[in-house]
Protein chains: 2
Amino acid sequence: MNKKTRQQYEARAKIAKAMAHPSRLLMLDLLQNQEMCVGDLTNEVGADQSTVSKHLAVLKDVGLIDVRKEGALSYYRVTCGCLDGFFMCLESVLKTDVELRKTTLK
Amino acid sequence: MNKKTRQQYEARAKIAKAMAHPSRLLMLDLLQNQEMCVGDLTNEVGADQSTVSKHLAVLKDVGLIDVRKEGALSYYRVTCGCLDGFFMCLESVLKTDVELRKTTLK
DNA sequence: TGCAATGATGGCAATATTGCCATGAATAAG
DNA sequence: CTTATTCATGGCAATATTGCCATCATTGCA
C-alpha cells in the first residue's frame with residue numbers, strides 16, 4: 001500500500017466522517033432542499049447553538065456546504081448534488097440488513 | 001424533531017460511521033471486487049491482524065459485509081451493490097473542493 | 001451610543017474510537 | 001496427540017469526538 005493511495009483513502013474517510021453523525025445527516029438533508037440560517041437549523045436539530053455551529057464548521061471544512069452571509073445571518077447550503085446517491089446507499093444498507101435479520105434471525 | 005426521525009438518522013449515521021475510516025474504505029473497495037480472507041486483507045491494509053479483524057467486525061455489524069467460513073479461513077465480501085454511488089459521492093466532493101480551492105484560494 | 005440578536009470560538013469534561021499486545025477458539029497438518 | 005495456522009476477542013493506553021457553557025465579534029435597531 002503506497003503512500004499516495006493511503007492519502008486518497010484518508011481524504012475520502014475525512015468526508016465520510018464529516019457525514020457520520022445523526023445531527024449532521026439531518027442538517028445535510030435540510031440544507032439540500034433549502035438554504036437555512038444557524039438559528040433555524042438549531043431549532044430543527046434541537047441542540048445548543050454552539051454545537052450546531054461546530055457541526056456546520058465540520059461540514060464546511062470538507063466542502064460539503066457553503067455559507068452566504070446576509071447581515072447578521074449566515075445562510076448555509078449544500079454545495080454538491082451527489083448526496084442523494086449517498087443517502088440512498090445508507091437506506092439500501094439499512095433495508096437489506098432489516099430483511100436479513102427478519103429472515104435469518106441472526 | 002420527533003423520536004422516530006432521530007432514530008432513523010442515528011441508524012443512518014451508524015452505517016456512515018462504519019465506513020468513515022481509511023482502512024475500512026480500502027477494505028470495502030477490495031471486497032467489492034473479490035472475496036478475501038482476513039490474512040490477505042491484513043497484508044493489503046498493513047495493520048495488525050487483530051486490528052483488521054476488528055474493522056471487519058465493525059463493517060459486518062452494520063450489514064455492509066458478510067462472512068463465509070471455509071475451514072480455518074474466513075472469506076469476507078460486500079453485501080450491498082450500492083457502494084459505487086457512495087464512493088462516487090466522496091470523489092465528487094473531493095473533486096469539487098479541489099476546484100474551489102484552486103479558484104478561490106481559500 | 002447603548003442594547004439585542006446572531007453565530008463563531010475557546011475551554012473542558014464525558015464519551016467513543018483506534019490500534020496493538022496477549023490470548024483464546026477452531027481447524028488443519030504431521 | 002501435538003503443533004501450526006487462522007482469526008476473533010479482552011484489555012488497555014493514546015487519541016479523537018461530542019456537547020455544553022461562557023464569551024467574543026459583528027450586525028441591526030432604537
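Residue numbers start from 1 in every chain, and the chains themselves are labelled A, B, ... in the order their sequence lines are given, proteins ahead of strands. These values consider heavy atoms only, across backbone and side chains, with no hydrogens, waters or symmetry-generated copies.
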Could you walk me through whether A:S23 and A:V52 pass the side chain to side chain contact (heavy atoms under 4.5 Å, CB included) check? CA-CA 8 Å; A:S23 298; A:V52 171; over 6 Å; no

Between A:D48 and B:D48, who's closer to the 5' end of DNA chain C by nearest nucleotide? A:D48

Heavy atoms only, 4.0 Å cut-off, all strands: where does A:Y76 land among base, sugar-phosphate and nothing? sugar-phosphate

If you check the B:Q49 side chain, which of C:dC20, D:dC7, C:dG10 turns out closest? D:dC7

More 5' along DNA chain D: A:V58 or A:E70, using each one's nearest nucleotide? A:V58

Both A:A47 and A:G71 contact DNA chain D. Taking the nearest nucleotide for each, which residue is further toward the 5' end? A:A47

Under a 4.0 Å N-O cut-off, is there an ion pair linking A:E70 with A:R68? yes

Tell me the closest heavy-atom pair linking A:L56 and A:L41, and the distance in Å. CD2-CD1, 3.9 Å

Using heavy-atom distances to pick each residue's nearest nucleotide on DNA chain C, tell me which of B:A72 and A:A57 is more 5'. A:A57

Would you mind telling me which of D:dG19, D:dA8, D:dG11 lies closest to the side-chain atoms of A:K54? D:dG19

Whole Å only: how far is the CE atom of A:M36 from the P atom of C:dG7? 11 Å

Please work out if A:S53 contacts a base, only the sugar-phosphate, or nothing of the nucleic acid, heavy-atom cut-off 4.0 Å. base

Between the base of D:dC21 and the side chain of A:S50, is there any donor-acceptor pair under 3.5 Å? yes

Side chain of A:K69 only, heavy atoms from C-beta on: which candidate in D:dC21, C:dA8, C:dT6 is closest? C:dA8

